[in-house]
Amino acid sequence: MITKMPGPPGKVRVTFALPSAIWADTIYLVGDFNHWDNHATPMRQTETGWMVTLELDAGCSFQYRYLHNGSEWHNDWNADGYESNAFGGDNSVVMTPDFEHDAQQIEMAEREADHVLSFSQPKMRLARSN
């Protein structure tokens, strides 16, 4: 599972998580963000599973895979997408939204909506007298 939260300006905090049911001594997150270094980003095992959080550049996409026990490569089945790799398989892809840009667009749309005038006619009800 991947979760994304706004980070410092221009960054996104991305948490990569795998279920605790995965049997491994070590799991490393390996990808574009760490130059495919097999030992740069170890995942930690918690009661809820394996996880690691990184601050990645906003508005980008990164390819990655999980390395179990130093020899088994696995994809993330909850990835944002997949790209073919040079080894005849696929890499997982995570896309980082630009929260600042998105927030500015929402704010502009809300400001524009504040200037919209609504012209609705009052509804009249017929009252009968007995």
Side-chain angles (χ1 to χ4, degrees):
M1 179 162 83
I2 303 170
T3 56
K4 304 168 193 172
M5 301 289 295
K11 298 285 185 179
V12 176
R13 282 192 182 105
V14 182
T15 299
F16 297 84
L18 295 171
S20 59
I22 293 177
W23 186 263
D25 291 323
T26 61
I27 300 178
Y28 287 88
L29 177 64
V30 185
D32 294 334
F33 38 76
N34 61 16
H35 308 288
W36 294 92
D37 183 333
N38 291 357
H39 300 288
T41 312
M43 297 184 76
R44 62 179 165 46
Q45 190 174 22
T46 68
E47 291 177 4
T48 58
W50 296 85
M51 61 182 44
V52 66
T53 300
L54 303 176
E55 285 186 357
L56 301 176
D57 291 334
C60 296
S61 66
F62 299 90
Q63 294 185 34
Y64 68 98
R65 295 190 84 186
Y66 298 109
L67 180 59
H68 295 212
N69 296 326
S71 62
E72 300 172 30
W73 290 98
H74 295 276
N75 278 333
D76 188 336
W77 302 116
N78 294 304
D80 296 330
Y82 303 94
E83 290 286 331
S84 298
N85 63 33
F87 303 102
D90 291 323
N91 293 332
S92 301
V93 175
V94 62
M95 291 178 255
T96 54
D98 188 347
F99 287 108
E100 289 179 35
H101 184 262
D102 294 344
Q104 289 170 354
Q105 285 183 331
I106 291 168
E107 186 179 318
M108 284 175 32
E110 288 173 348
R111 272 191 260 140
E112 288 175 10
D114 288 343
H115 298 319
V116 174
L117 299 176
S118 175
F119 294 99
S120 62
Q121 295 190 359
K123 303 218 186 248
M124 300 181 80
R125 199 174 346 159
L126 176 62
R128 294 184 185 187
S129 61
N130 291 343

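- Below 30°, between 30° and 60°, or above 60°: for His68 and His74 the angle between ring planes is between 30° and 60°, a tilted geometry.
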message: Between Met5 and Val14, does the side-chain contact (heavy atoms from CB on, under 4.5 Å) criterion hold? Intermediate values first, please.
response: CA-CA 7 Å; Met5 301 289 295; Val14 182; over 6 Å; no

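- Judged as a side-chain hydrogen bond (donor to acceptor under 3.5 Å, both in side chains), and not counting sequence neighbours, Glu47 has no contacts.
- Looking at residues two or more places apart in sequence or on another chain, you find no side-chain hydrogen bond (donor to acceptor under 3.5 Å, both in side chains) involving His39.
- Partners of Ala58 according to the side-chain contact (heavy atoms from CB on, under 4.5 Å) rule, which considers only residues two or more places apart in sequence or in another chain, are Val12, Asp98.
- Every salt bridge (Lys or Arg N to Asp or Glu O under 4.0 Å) that Asp80 has, sequence neighbours left out, goes to Lys4.
- Counting all heavy atoms, side chain and backbone alike, Ile2 lies closest to Ala79 at CD1-CA, 3.9 Å.
- Here Leu67 is tied into one hydrophobic group with Tyr28, Val30, Trp36, Trp73, each link being a pair of ILVMFWY side chains closer than 4.5 Å.
- For Phe62, there are no ring-ring contact (aromatic ring centres under 6.0 Å, His included) partners two or more places apart in sequence or in a different chain.
- Taking all atoms of both residues into account, the shortest heavy-atom contact from Arg65 to Ser92 is CG-N, 4.4 Å.
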- request: For side-chain contact (heavy atoms from CB on, under 4.5 Å), just list the numbers for Arg44 and Val52, CA-CA rounded to whole Å, side-chain angles, deciding distance to a tenth of an Å, and then say yes or no.
  value: CA-CA 6 Å; Arg44 62 179 165 46; Val52 66; over 6 Å; no

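- Distance alone, capped at 3.5 Å, is enough to place a donor-acceptor pair between the Asn85 side chain and the Phe87 backbone.
- Ile22 CD1 to Ile27 CD1: the interatomic distance, rounded to the nearest 0.5 Å, is 5.0 Å.
- For Ser20, there are no side-chain contact (heavy atoms from CB on, under 4.5 Å) partners, not counting sequence neighbours.
- Applying the side-chain hydrogen bond (donor to acceptor under 3.5 Å, both in side chains) test to Thr48 and every residue at least two apart in sequence or in another chain returns Thr46.
- Considering only residues two or more places apart in sequence or on other chains, Gln45 meets the side-chain contact (heavy atoms from CB on, under 4.5 Å) condition with Trp50.
- Ring geometry for Phe16 versus Tyr66: interplanar angle over 60°, hence perpendicular rather than tilted (30 to 60°).
- Each of Asp32, Asn34, Asp76 was evaluated against Tyr64; a single residue qualifies, Asp76, per the side chain to side chain donor-acceptor pair (under 3.5 Å) test.
- Taking each heavy atom of Pro6 and Arg13 in turn, the nearest pair found is O-NH1, 3.7 Å.
- No donor-acceptor distance shorter than 3.5 angstrom exists from the side chain of Asn69 to the backbone of Ala24, with no hydrogens or angles considered.
- In this structure, Thr96 has no side-chain hydrogen bond (donor to acceptor under 3.5 Å, both in side chains) partners at least two apart in sequence or on a different chain.
- Checked against salt bridge (Lys or Arg N to Asp or Glu O under 4.0 Å), Asp57 has the following partners two or more places apart in sequence or in another chain: Lys11.
- With sequence neighbours left out, the side-chain contact (heavy atoms from CB on, under 4.5 Å) criterion links Ser71 to no other residue.
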